[in-house]
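Right, one structure below, let's go through it.
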Amino acid sequence: MKNEKKNVEKKAAAFNPQKKRIIVGGIIAAAVLLMVVLMFIENSQGKIVISNNTGTKIEYVQVYFVGAEGPLHEGFRVDDLEVGKAQRFPIGENKLLGAEANLEVRFKFEGSEEVFVDSGYFNDTFHGNITVDFTPSEETDIVNLHVKAANGLLKSNLIDCNDEFKINIAEGYEVE
């Protein structure tokens, strides 16, 4: 009987109401902080980053949304992108709901022909981040192009853009 009484007292001491309030308060504070951080990230202004990690200078890169009727805005342009450099621009909001748009990337490496690729699918308002990253390939005269776009932490089924391309810069075309 004494052992049972001691066990009941130990359990009662383990579930101290004061400790319980502190733990619940800590959990609530952490949840509120997490919500604030997520709201900040989701509402932050998007940007586009164009980077040249190849061994060749890029004369220009132009990135813009294009629909069935043609370009939907002027887009973003970088001229004379040196090796190892990147440029960033604020992207703003792009109303693409119902546009079934793609992201067109036009570029010209020094000493080669202009190449363009269509990337992704955009059918919703876009205000997120876009990265256009040129990297070297193991093959001669071939560079890799990675184009990725996301509206934030919460993925939308109406926006899908995470594409890889192999580009022959000597001949000026996409390698299939």
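Note that these values count all heavy atoms, side chains included, but never hydrogens, waters or copies made by symmetry.
The two residues Ala149 and Phe126 have their closest heavy-atom pair at CB-CZ, 3.9 Å. Of all the heavy atoms in Ser51 and Ala86, the pair that sits closest is CB-CB, 3.6 Å. The shortest heavy-atom contact between Tyr64 and Gly75 is CB-CA, 3.6 Å.
For Arg77, the salt bridge (Lys or Arg N to Asp or Glu O under 4.0 Å) partners two or more places apart in sequence, or in a different chain, are Asp79. For Glu171, the side-chain contact (heavy atoms from CB on, under 4.5 Å) partners are Asn168, Tyr173, not counting sequence neighbours.
At least one side-chain heavy atom of Val61 sits under 4.5 Å from a side-chain heavy atom of Phe134. Using a 4.5 Å cut-off on side-chain heavy atoms (C-beta onward), His127 and Asn151 make contact. For the pair Thr54 and Thr135, the minimum side-chain heavy-atom distance is 4.5 Å or more. Val105 has its side chain within reach of Val147: a pair of non-hydrogen atoms, C-beta onward, lies under 4.5 Å apart.
With rounding to the nearest 0.5 Å, the separation of OG in Ser119 from CG in Asn162 is 8.0 Å. Here CG of Asp163 is found 10.0 Å from CG of Asp118. Values are rounded to the nearest 0.5 Å. Rounded to the nearest 0.5 angstrom, Ser137 OG and Leu145 CG are separated by 12.5 Å. Of the inter-residue distances, the one linking Lys85 atom NZ with Asn52 atom CG reads 11.0 Å to the nearest 0.5 angstrom. Of the inter-residue distances, the one linking Thr56 atom OG1 with Leu81 atom CG reads 11.5 Å to the nearest 0.5 angstrom. Atom CZ of residue Phe76 and atom CD1 of residue Ile50 lie 8.5 Å apart, to the nearest 0.5 angstrom.
The stretch residues 77-100 participates, sequence neighbours left out, in no ring-ring contact (aromatic ring centres under 6.0 Å, His included) pair at all. Legend: salt bridge (charged side-chain N to carboxylate O under 4.0 Å, His left out) pairs involving residues 46-61, not counting sequence neighbours, sorted by first then second residue: Lys57-Asp80, Lys57-Glu82, Glu59-Lys108. Residue pairs meeting the salt bridge (charged side-chain N to carboxylate O under 4.0 Å, His left out) criterion with at least one member in residues 126-150, sequence neighbours excluded, are Glu139-Lys166.
Follow the hydrophobic side-chain contacts under 4.5 Å out from Ile48 and you reach Phe165 in the same cluster. If you chain together hydrophobic residues whose side chains sit under 4.5 Å apart, Val132 and Val66 never meet in one group. Cluster membership for Leu72 and Ile159, using ILVMFWY side-chain heavy atoms within less than 4.5 angstrom, is shared. At a threshold of 4.5 Å between side-chain heavy atoms, the hydrophobic network of Ile, Leu, Val, Met, Phe, Trp and Tyr places Val63 and Val117 in one connected group.
Within a 6.0 Å sphere centred on CD of Glu114, heavy atoms belonging to other residues, nucleotides or ligands number more than 12.
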Would you list the atom pairs, donor with acceptor, under 3.5 Å between side chains in residues 95-103 and any protein atom, with sequence neighbours excluded?
| from | atom 1 | to | atom 2 | distance (Å) |
| --- | --- | --- | --- | --- |
| Lys95 | NZ | Glu93 | OE1 | 2.9 |

Review point. What's the verdict on side chain to side chain contact (heavy atoms under 4.5 Å, CB included) for Ile91 and Ile130, showing C-alpha distance, side-chain angles and the deciding distance?
Key: CA-CA 8 Å; Ile91 196 166; Ile130 298 173; 3.3 Å; yes
Exercise for review: Take Phe122 and Phe65 through the test ring-ring contact (aromatic ring centres under 6.0 Å, His included) and record every step on the way to the result.
Suggested key: CA-CA 9 Å; Phe122 297 82; Phe65 292 104; 4.9 Å; yes
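No donor-acceptor contact under 3.5 angstrom links the side chains of Tyr60 and Arg106, judged on distance only.
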